[in-house]
Engineer: 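A single structure is presented below for examination.
Every chain is numbered from 1, with letters handed out A, B, ... down the list of sequences.
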There are 2 protein chains.
Amino acid sequence: MNAPARNDKETVVAAAMRVLAENGLPGLSMRRIADELDIQVSALYWHFPNKQALLAAVSAQIVGSDPQPEGMDAAARALRDRLLAHQDGAEIVSSSLALGLLDLPVRAELVRAAKKTGVDAASAEVAADTLVHYVIGYTFHEQQRLHAAIVGTAEASVDLVPAGAQDRGDDFEAGLAMIIAGVQASASIR
Amino acid sequence: MNAPARNDKETVVAAAMRVLAENGLPGLSMRRIADELDIQVSALYWHFPNKQALLAAVSAQIVGSDPQPEGMDAAARALRDRLLAHQDGAEIVSSSLALGLLDLPVRAELVRAAKKTGVDAASAEVAADTLVHYVIGYTFHEQQRLHAAIVGTAEASVDLVPAGAQDRGDDFEAGLAMIIAGVQASASIR
DNA sequence: ACCTGAACACCGTTCAAGT
DNA sequence: ACCTGAACACCGTTCAAGT
């Protein structure tokens, strides 16, 4: 009855986002994405050369496009919020980034903000990368624990979760403040 | 001719380390480990409940046991060296750690060294975790790029690799110094 | 205590062929 | 330009049965 499915990169990525939201990264298989679109798995390979390329497009969607809040702290927090907004967001972005398949829009703002503290250009790049590694590493860890808590026996009392989440956020802020203090210390040396 | 294979956790982990060294994490399958030991895959499940548990034992081997160098910088460098000594070491350790299946011996020394700078106990924990996230995140990124460079077309000129590796190490040191400066700055505030 | 053999329910990727 | 259908070479995990 329906006309045969006609998709493009955009609709494929949108389907992948839906599968990710429902099944997480372990459930984000090419077959499940194809099922979501009511097409054969092999059809996906017309749109993307392989799964990593598709995941890179998903990553780009997760980290969003240009308008970034100003300042190292706000930019770092914005990245963290984007990652937290999607199941296993940090892990997906981490691997796309490591494979060099993803440009992180927030990095430019981190470099800009670091320079404003008075460090030289090379140090600003280092500061940006250090912050990115911290935010992704911290959030990855956090999301994995969340996943383990869900998969593991549902023994954790429900009312401990919000309290734990608050602590996690506080620890994130404390570590972030430490790194920013380090950047500023590097600036005042010169 | 041979007596039937009789293994324990130790020999299984040793076999896994050999498979990892030769094939990397993507090639570290239960079947390949079983082949290395000349046993059936199912036999591995007598020794470990699942693959993640086996990977946690591999991770423990990678990060080594107790004697750690003193000082935040030396301890962080020691962790990095351990990760770099094994293919995909950072990725394996990262996931075991996130799943709460691995104790990092170096963390205790990082906490101890942080306290020596004069920060309070809570800040010392935050400092240790921040450093751990940085080291693992940085090294993960580095090892993935290395892998991508090998898999990708062998177009990169060979003489650029040592130079690039040196730059990577320098950037690691610069970021490390920044975080440590941040810890010391936190200490001098109080 | 440790292993075999067979099965189940999946994977990513390729390729000729269709419209 | 986009999709089907079928195949290839794999996965992790379970389970009854053997010694």
Side-chain angles (χ1 to χ4, degrees), chain A residues 1-16 19-20 22-59 88 91-92 95-96 99 101 144 147-148 150-153, chain B residues 1-16 19-20 22-59 88 91-92 95-96 99 101 144 147-148 150-153:
Chain A
M1 291 279 153
N2 284 334
R6 292 265 125 172
N7 297 288
D8 54 12
K9 275 176 202 273
E10 213 177 324
T11 66
V12 170
V13 171
V19 174
L20 176 63
E22 280 173 32
N23 306 98
L25 185 56
L28 188 57
S29 70
M30 297 300 269
R31 278 170 166 85
R32 291 256 250 266
I33 297 167
D35 280 357
E36 177 77 22
L37 292 166
D38 264 308
I39 58 175
Q40 299 292 316
V41 212
S42 50
L44 295 176
Y45 288 83
W46 194 91
H47 300 286
F48 294 94
N50 50 49
K51 191 184 180 181
Q52 270 300 344
L54 204 167
L55 253 41
V58 168
S59 298
D88 301 317
E91 185 171 1
I92 299 174
S95 103
S96 296
L99 292 172
L101 300 174
Q144 284 264 60
H147 192 262
I150 293 167
V151 169
T153 47
Chain B
M1 291 280 154
N2 283 334
R6 291 264 127 173
N7 298 286
D8 54 11
K9 275 176 201 275
E10 214 177 322
T11 66
V12 170
V13 171
V19 174
L20 176 63
E22 279 172 33
N23 307 98
L25 185 55
L28 188 56
S29 69
M30 297 299 269
R31 278 169 168 84
R32 291 255 250 265
I33 297 167
D35 280 357
E36 177 76 22
L37 292 166
D38 265 309
I39 58 175
Q40 299 292 316
V41 213
S42 50
L44 295 175
Y45 289 83
W46 194 90
H47 300 285
F48 294 95
N50 50 50
K51 190 183 181 179
Q52 271 300 343
L54 204 166
L55 253 41
V58 168
S59 299
D88 301 319
E91 185 170 2
I92 298 174
S95 103
S96 297
L99 291 172
L101 300 174
Q144 283 264 61
H147 192 261
I150 292 166
V151 169
T153 46

Engineer: Give me the atom names and distance for the closest heavy-atom approach of B:Ala53 to B:Asn50.
Structural biologist: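 So the two residues come closest at N-OD1, 3.0 Å.
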Engineer: Provide the closest heavy-atom pair for A:Ser96 versus A:Ala56 in the form atom of the first, atom of the second, distance.
Structural biologist: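 What the structure gives for the nearest pair is OG-CA, 3.6 Å.
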Engineer: Report yes or no: does B:Asn23 contribute a side-chain atom to a donor-acceptor pair with the main-chain N or O of B:Pro26 at less than 3.5 Å?
Structural biologist: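 Answer holds: no.
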Engineer: Check every atom of C:dT13, C:dC2, D:dT13 against the side chain of B:Arg31 and return the nucleotide holding the closest atom.
Structural biologist: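 Out of C:dT13, C:dC2, D:dT13, the nucleotide with an atom closest to B:Arg31's side chain is D:dT13.
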Engineer: Whole Å only: how far is the CG atom of A:Leu28 from the P atom of C:dC11?
Structural biologist: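 Whole-Å distance recorded here is 11 Å.
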Engineer: Distance check needed: D:dC3 C1' versus A:Tyr45 OH, whole Å only.
Structural biologist: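 After rounding, the reported distance stands at 15 Å.
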Engineer: Under 4.0 Å, heavy atoms only, any strand: does A:Asn50 hit a base, just the sugar-phosphate, or nothing?
Structural biologist: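 Counting heavy atoms under 4.0 Å across all strands, the contact made by A:Asn50 is with sugar-phosphate only.
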Engineer: Rounded to whole angstroms, how far apart are CD1 on A:Ile33 and P on C:dC10?
Structural biologist: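 Atom-to-atom, A:Ile33 to C:dC10, this comes out as 16 Å.
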Engineer: Looking only at side-chain N and O atoms, does A:Ser29 come under 4.0 Å of OP1 or OP2 in C:dC11?
Structural biologist: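 So the side chain of A:Ser29 is within the cut-off, an N or O lying under 4.0 Å from OP1 or OP2 of C:dC11.
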Engineer: Please check if the number of heavy atoms outside A:Gln52 that lie under 6.0 Å from its CD is greater than 12.
Structural biologist: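 Correct, the count exceeds 12.
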Engineer: Rounded to the Å, how far apart are B:Ile39 CD1 and D:dT19 P?
Structural biologist: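 So the two atoms are 18 Å apart, to the nearest Å.
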Engineer: When both hydrogen-bonding distances must be under 3.5 Å and the geometry is Watson-Crick or G-U wobble, what is D:dC8 paired with, if anything?
Structural biologist: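 For D:dC8, the partner nucleotide comes out as C:dG12, under the 3.5 Å rule.
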Engineer: Which one, D:dT4, D:dG12, C:dC3, comes nearest to the side chain of B:Met30?
Structural biologist: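 Output: D:dG12.
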Engineer: So which nucleotide from C:dC3, C:dG12, D:dT13 ends up closest to the side chain of B:Lys51?
Structural biologist: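 The closest nucleotide is D:dT13.
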Engineer: B:Gln40 side chain N/O closer than 4.0 Å to the phosphate oxygens (OP1, OP2) of C:dC3?
Structural biologist: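 For C:dC3, neither OP1 nor OP2 has a side-chain N or O of B:Gln40 closer than 4.0 Å.
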Engineer: Report the distance from atom CD of A:Gln52 to atom C1' of C:dC11, rounded to the nearest whole Å.
Structural biologist: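 A:Gln52 atom CD is separated from C:dC11 atom C1' by 15 Å.
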Engineer: Among A:Leu28, A:Leu20, A:Val41, whose side chain to side chain contact (heavy atoms under 4.5 Å, CB included) with A:Ile33 holds?
Structural biologist: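 By the side chain to side chain contact (heavy atoms under 4.5 Å, CB included) criterion, A:Ile33 pairs with just one of A:Leu28, A:Leu20, A:Val41: A:Leu28.
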Engineer: For D:dG18, give its Watson-Crick or G-U wobble partner with both distances under 3.5 Å, or none.
Structural biologist: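 Base partner found: C:dC2.
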Engineer: Is the phosphate of D:dC3 approached by A:His47 (side-chain N or O, under 4.0 Å from OP1 or OP2)?
Structural biologist: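 Yes, A:His47 has a side-chain N/O under 4.0 Å of OP1/OP2 on D:dC3.
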Engineer: Are OP1 or OP2 of C:dC11 and a side-chain N or O of A:Arg32 less than 4.0 angstrom apart?
Structural biologist: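 Result: yes.
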Engineer: Give me the distance, rounded to whole Å, that separates D:dA9 from C:dA9 when you measure between the P atoms they each carry.
Structural biologist: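 Here D:dA9 and C:dA9 have their P atoms 23 Å from each other.
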Engineer: Given C:dA6, C:dC2, C:dT14, which nucleotide is nearest the side-chain atoms of B:Trp46?
Structural biologist: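 For the B:Trp46 side chain, the nearest candidate turns out to be C:dC2.
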Engineer: I need the CG-P distance between B:Leu37 and C:dC2, as an integer number of Å.
Structural biologist: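 Between P of C:dC2 and CG of B:Leu37: 13 Å.
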Engineer: How far does the C1' atom of D:dC2 sit from the matching atom of C:dA17, given to the nearest Å?
Structural biologist: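 It works out to 13 Å between them.
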